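Before any comments, here is the structure.
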Amino acid sequence: MNHDEHKSEKKFIPALGYDFLTAWYDATIRITMPEKKFRNELINRLKPEPLEQIFEFGYGTGANLAIASSRSPNSSFFGLDIDPKVREIAFSKLKGKDILVELQLYNGDIFPYDDAVFDKAYSCLVFHQLDDETKAHCLREIYRVLKPGGKLIIGDWGKAKNRWMRTVFYTVQLLDGFKTTTANVKGLLPDYIREAGFTDVKQTGFINTHIGTFCYYEGIKIKK
């Protein structure tokens, strides 16, 4: 392994900002957010259909994949994450539910997929953990692996809908860092999605939680 590869593999923020907190991620989400609501809303927007190839960027502990797979068992789901610790948790969780999903790890560089292989892609609570350069790179990679006409759905922190939501979101920023979360706070994630090549980019809804405003965004890869 060369130095650059080692450097890129370590360039990520664990689920709660610190590696030792990862095991507590699911419990923290249950306490601080309306988990059932925001995850089900995400999968409602994804609308998995039979025979579709669907990709989750940053599968975390596998909670979204569990819901999506149970909703549409005849879809094919694939997951990519950079954190080996969450892969172990996700693998165990999905195996316990008899759900078969291909969970891959990557080093923060090029996604291990060919061009134009997925019908849909989605991501949840990932982009606020990425610096601006990595946000842009990962969105370009998602664009690359989607088929023409494919849809992207993102659920993540967005611009606060009121002053209280902005105040409580400082808790997230203290854990995950102000540098990576600033674009989300400013409501700039749709701009990043557009710059990656997506069209029809829009915010489709939001949920105010105990720790901030959680938003849903969509974009379409241009048909050629």
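Remember, predicted model here, so these are calculated numbers, not experimental data.
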ILVMFWY cluster, I110 and L105 together (side-chain gap under 4.5 Å):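 Different clusters: I110 never reaches L105 through Ile, Leu, Val, Met, Phe, Trp or Tyr contacts under 4.5 Å.
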Do I220 and Y143 belong to the same hydrophobic cluster, where Ile, Leu, Val, Met, Phe, Trp and Tyr are linked whenever their side-chain heavy atoms lie under 4.5 Å apart, directly or via other members?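 No; tracing contacts between hydrophobic side chains, which count when under 4.5 Å, never links both residues.
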Residues two or more places apart in sequence or in another chain: which of them pass side-chain contact (heavy atoms from CB on, under 4.5 Å) with I99?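 In terms of side-chain contact (heavy atoms from CB on, under 4.5 Å), with neighbours along the sequence ignored, I99 is linked to A66, S69, L94, K97, V101.
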Please answer whether the main-chain N or O of G212 pairs with a side-chain N or O of T209 as donor and acceptor at a distance below 3.5 Å.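 Indeed, once roles are kept as given, a pair shorter than 3.5 Å links the two residues.
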Can you list every pair that meets salt bridge (charged side-chain N to carboxylate O under 4.0 Å, His left out) and has a residue in residues 45-61, with sequence neighbours left out?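 For residues 45-61, and leaving out neighbouring residues, the salt bridge (charged side-chain N to carboxylate O under 4.0 Å, His left out) pairs sorted by first residue read E41-R45, E52-K120.
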Begin with the C-alpha distance, continue with both residues' side-chain angles, and end with the deciding distance and a verdict on side-chain hydrogen bond (donor to acceptor under 3.5 Å, both in side chains) for N44 and R39. CA-CA 9 Å; N44 287 345; R39 293 198 191 283; over 6 Å; no
Quickly, which of T181, N184, D156 forms a side-chain hydrogen bond (donor to acceptor under 3.5 Å, both in side chains) with H128? Name it, please.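 Testing each of T181, N184, D156 against H128, the sole residue satisfying side-chain hydrogen bond (donor to acceptor under 3.5 Å, both in side chains) is D156.
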Is it the case that over 12 heavy atoms from other parts of the model lie below 6.0 angstrom from the NZ atom of K159?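 Result for NZ/K159: open.
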Less than 6.0 angstrom separating the ring centers of F214 and F206, yes or no?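 They do not qualify: ring centres at least 6.0 Å apart.
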With a 4.0 Å cut-off, would you call R144 and D115 a salt bridge?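 So R144 pairs with D115 through a salt bridge.
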Would you mind telling me which of Y122, F78, F111 makes a ring pair (Phe, Tyr, Trp, His ring centres under 6.0 Å) with F57?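 When ring pair (Phe, Tyr, Trp, His ring centres under 6.0 Å) is applied between F57 and each of Y122, F78, F111, only F111 qualifies.
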N208 and T213: side chain donor to acceptor below 3.5 Å: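 Yes, side-chain donor-acceptor contact under 3.5 Å.
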Taking all atoms of both residues into account, what is the closest heavy-atom pair of I153 and L42, and its distance?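 Shortest heavy-atom contact: CG2-CD1, 3.8 Å.
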Heavy-atom closest pair, residues A121 and I142: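 The answer is CB-CG2, 3.7 Å.
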F77: what forms a ring pair (Phe, Tyr, Trp, His ring centres under 6.0 Å) with it, not counting sequence neighbours?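 None.
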